[in-house]
Amino acid sequence: MKLIRFGSEGQEKPGLQLENKRIDVSAFAEDFNEKFFENNGLERLKEWLKTNEASCPAVAESLRLGSPIARPSKLVCVGLNYAQHAAEAGMKVPSEPVLFFKSTTAIVGPNDKVIIPKNSEKTDWEVELAIVIGKKASYVSLEEADDHIAGYVLHNDVSERAFQIEKEGQWCKGKGCDTFAPLGPFMATKDEVKDPNNLKLWLDVNGERLQDSSTSDFIFNVQHVVSYISQFMTLLPGDVISTGTPFGVGLGFKPPRYLKSGDVMRLGIDGLGVQEQTAVAYK
Ligand code: ZN
């Protein structure tokens, strides 16, 4: 299944992306949140559809998409998970996953505007594969990791490099600004993704391809990342883990290239759809 949430910001309703249309599953009466995933919501929704799909209203293509999952308890990110990206960032390949948090208030829909924050000159893009947790994960082994995954979603880990790197302390200053985490268009359940560790991912800015890689270049794969993070914190159903970005971010160009108001980012991952955001100045 492909979960979507649609409607105006803060008022999103749950739906599904089918082969060639979107349907409204509000009548199932559950949002795609922690409770839904925790209580076997995916299986129950599948069962419910057998008798109710035909009566689900269609969702107009013109309607806004929100994040396909409700605001999670946390959005954990892996940094420097592709060797060539670590090199362009001038950092060494880590021996263990580098972790940081993104604020969950940064989450927006896949095609919403991305706001270049107040006093920002170095807003940058990062196409990433994100994992959605399906089952509470604490001290999970590599072998058990898959069992704790609900599905996958496309994520743009928008980053402000001066806030992230040039200021003191943690990276989170440059990662959690409003609109810095577009998620979607849909969350594909894991049965729809044959091998998450072998997916092409790409990102264009104003039609020019700047990132073009595969998750087969991961330093730490999906299972490793879930297991590793669960050694340090409990992952709750609906939590999101973003797995890192490949080569081709603005920071890596000589000279660096950053977003200006009016620039358009378009990004995608095999089987997980496409996002498009226009950058706008804060006002
Ligand atoms: Zn990232």
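Atoms within a ligand are numbered from 1 in the order they appear, just like the ligands themselves. For the numbers below, each heavy atom of this structure counts, side chains included, while hydrogens, waters and symmetry mates do not.
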Is a donor from one side chain sitting under 3.5 angstrom from an acceptor on the other, for S141 and E144?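 The answer is yes; a qualifying pair exists.
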For N/O/S atoms only: which one belongs to [X] and is nearest the Zn ion (ligand 1)?
X: E126; answer: OE1
X: E128; answer: OE2
X: D157; answer: OD2

To the nearest 0.5 Å, what is the distance between CG on N33 and CG on L236?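 Rounded to the nearest 0.5 Å, the CG-CG separation comes out at 12.0 Å.
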Would the distance check show the side chain of W125 and the main-chain N or O of G248 forming a donor-acceptor pair, the cut-off being under 3.5 Å?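 Between the backbone of G248 and the side chain of W125 there is a qualifying donor-acceptor contact (under 3.5 Å).
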For the ring pair F247 and Y82, is the centre-to-centre distance below 6.0 Å?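 No, the ring centres sit 6.0 Å or more apart.
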